[in-house]
S.K.: 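There's a structure below that I have some questions on.
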Amino acid sequence: MPELPEVETVVRQLRQGDGERGASVIGQTIARVTLRWPGHVARPSPREFARRVSGQTITGLSRRGKYLIFHLTHGFLLIHLKMSGDLVVMGDHAPRDKHAHTVFHFRAGGQLRFTDTRKFGRVYWVEHAQEVVGALGPEPLEPGFTARRLGEMLKARHRALKPLLLDQTFIAGLGNIYTDEALNRARLHPLRRSDTLGPQEVRALWRGIRQALQSGLRHNGASIDWVYRGGDFQNHFRVYDRADHPCVNCGTPIRRTVVGQRGTYYCPQCQKPATSLAKKVKESEL
DNA sequence: AGCGTCACCCGGACGC
DNA sequence: TGCGTCCGGGTGACGC
């Protein structure tokens with residue numbers, strides 16, 4: 001599931017263009033679009049989408065949260081990879097891929113393929129990118145995201161940390177993997193209430209979030225399931241998908257529970273619940 | 001209003 | 001082999 005580091009990795013590769021993933025998309029003019037599965041188009045209508053995007057030149061590429069933002073001559077093309085999406089530039093005669101549901105054909109030859117096994121991904125064409133990403137929370141790796149600011153944000157809410165961190169309007173870019181990794185680094189229990197953290201704990205969470213994301217970026221993201229993006233962060237998980245494996249810090253077996261309908265991994269020794277939570281947590285584990 | 005919970009969309013993996 | 005179940009990002013419905 002592409003989260004901030006995976007999406008950023010894709011953005012960098014599409015921007016630079018390398019041997020493995022083809023030429024840069026910057027400067028390419030989209031001659032036409034093939035919509036093999038129109039359900040990919042979130043807005044406007046599939047027909048209108050194809051019309052709006054065709055003939056436009058990609059002048060820039062950026063990221064906001066988990067969205068890729070292609071800057072066009074007029075308006076913006078936004079793509080969300082959701083769980084299984086991937087974007088690759090290929091030659092026109094590259095082998096067919098049954099999961100390449102949306103394909104952007106370049107005037108100069110070559111194509112940008114949006115492959116998406118699960119079909120959860122979405123594409124948008126809008127006049128202003130804000131129409132789609134306007135409600136997102138702050139970018140956790142940008143300078144404006146300080147520990148102080150995080151502290152104020154946490155104080156203003158009264159929720160368990162895990163679902164709050166997954167809320168894209170709270171912070172943009174964290175998904176299930178990096179949330180669990182961040183909480184582990186911060187030594188905070190996933191069910192801990194956001195407004196009960198002391199200053200040291202806020203700072204630990206701030207550092208945990210940033211270190212987990214930066215570590216992911218350094219490894220070019222994680223390649224899990226059948227989606228290979230060149231990254232190897234999956235070999236450096238501390239808790240995610242490591243149920244019953246020893247905690248890298250204390251050796252205690254990592255535990256898997258469900259929080260907010262999401263598989264949640266944590267170390268029961270390093271990430272102890274606050275005393276007021278302990279009873280509730282114990283009950284849910286029996 | 002804010003929060004928790006659940007269903008939904010998909011198809012591959014996995015257990016029986 | 002073939003069935004049922006699980007999984008998840010984001011959204012929207014619903015109830016408290």
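Order of the sequence lines fixes the chain letters, A, B, ..., with proteins taken first and strands second; residue numbering starts at 1 for each chain.
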S.K.: Distance only, no hydrogens: is a donor on one side chain within 3.5 Å (strictly under) of an acceptor on the other, for A/Arg238 and A/Asn249?
M.R.: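 Judged by distance alone, the side chains do not pair up.
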S.K.: With a 4.0 Å heavy-atom cut-off, tell me which residues in residues 150-171 of chain A come close to DNA chain B, sorted by residue number.
M.R.: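 Output list: A/Arg157, A/His158, A/Arg159, A/Ala160.
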S.K.: Rounded to the nearest 0.5 Å, how far does CD1 of A/Ile254 lie from OH of A/Tyr265?
M.R.: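 These two atoms lie 11.0 Å from each other.
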S.K.: Would you sort out whether A/Arg187 and A/Glu201 count as a salt bridge (Lys or Arg N to Asp or Glu O under 4.0 Å), showing the intermediate values?
M.R.: CA-CA 8 Å; A/Arg187 300 194 169 205; A/Glu201 292 175 315; over 6 Å; no
S.K.: Any side-chain N or O of A/His99 below 4.0 angstrom from OP1/OP2 of B/dC10?
M.R.: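 Negative; the distance criterion is not met.
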S.K.: Are any of A/Arg193's side-chain N or O atoms less than 4.0 Å away from OP1 or OP2 of B/dG4?
M.R.: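 A/Arg193 to B/dG4 OP1/OP2: side-chain N or O found under 4.0 Å.
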S.K.: If only side-chain N and O atoms count, and only distance matters, is there a donor-acceptor pair under 3.5 Å linking A/Ser84 with A/Asp116?
M.R.: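 Yes - a donor-acceptor pair under 3.5 Å links their side chains.
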S.K.: Under 5.5 Å between ring centres and under 30° between planes: true for A/Phe120 and the base of B/dC10?
M.R.: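 Given the distance and angle limits, no, they do not stack.
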S.K.: DNA chain B: A/Lys98 or A/Arg262, which has the more 5' nearest nucleotide?
M.R.: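 By nearest-heavy-atom nucleotide position, the 5'-most residue is A/Arg262.
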S.K.: Base, sugar-phosphate, or nothing: which does A/Gly39 touch, judged by heavy atoms less than 4.0 Å apart?
M.R.: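 Answer is nothing: A/Gly39 stays at 4.0 Å or more from every strand.
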S.K.: Can you find a side-chain donor-acceptor pair between A/Lys162 and A/Thr179 that sits under 3.5 Å?
M.R.: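 There is no such pair between these side chains.
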S.K.: Should side-chain heavy atoms under 4.5 Å link Ile, Leu, Val, Met, Phe, Trp and Tyr, which residues sit in the same cluster as A/Leu78?
M.R.: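 Its cluster partners, ordered by chain and number, are A/Tyr67, A/Ile69, A/Phe76, A/Tyr124, A/Val126, A/Val132, A/Val133, A/Leu136.
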S.K.: Looking only at the side chains, is there a donor atom on one of A/Thr57 and A/Thr29 sitting less than 3.5 Å from an acceptor on the other?
M.R.: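 Judged by distance alone, the side chains do pair up.
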S.K.: CD of A/Gln261 versus P of B/dC8: gap in Å, rounded?
M.R.: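 Distance, rounded to whole Å: 13 Å.
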S.K.: Provide the start and end nucleotides, 5' to 3', of the part of DNA chain C that has atoms under 4.0 Å from heavy atoms of chain A.
M.R.: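 The footprint of chain A covers C/dC7 to C/dT11.
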S.K.: For A/His71 and A/Ser62, which I'm curious about, is there any donor-acceptor pair between the side chains at under 3.5 Å?
M.R.: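 Indeed, the side chains of A/His71 and A/Ser62 share at least one donor-acceptor pair under 3.5 Å.
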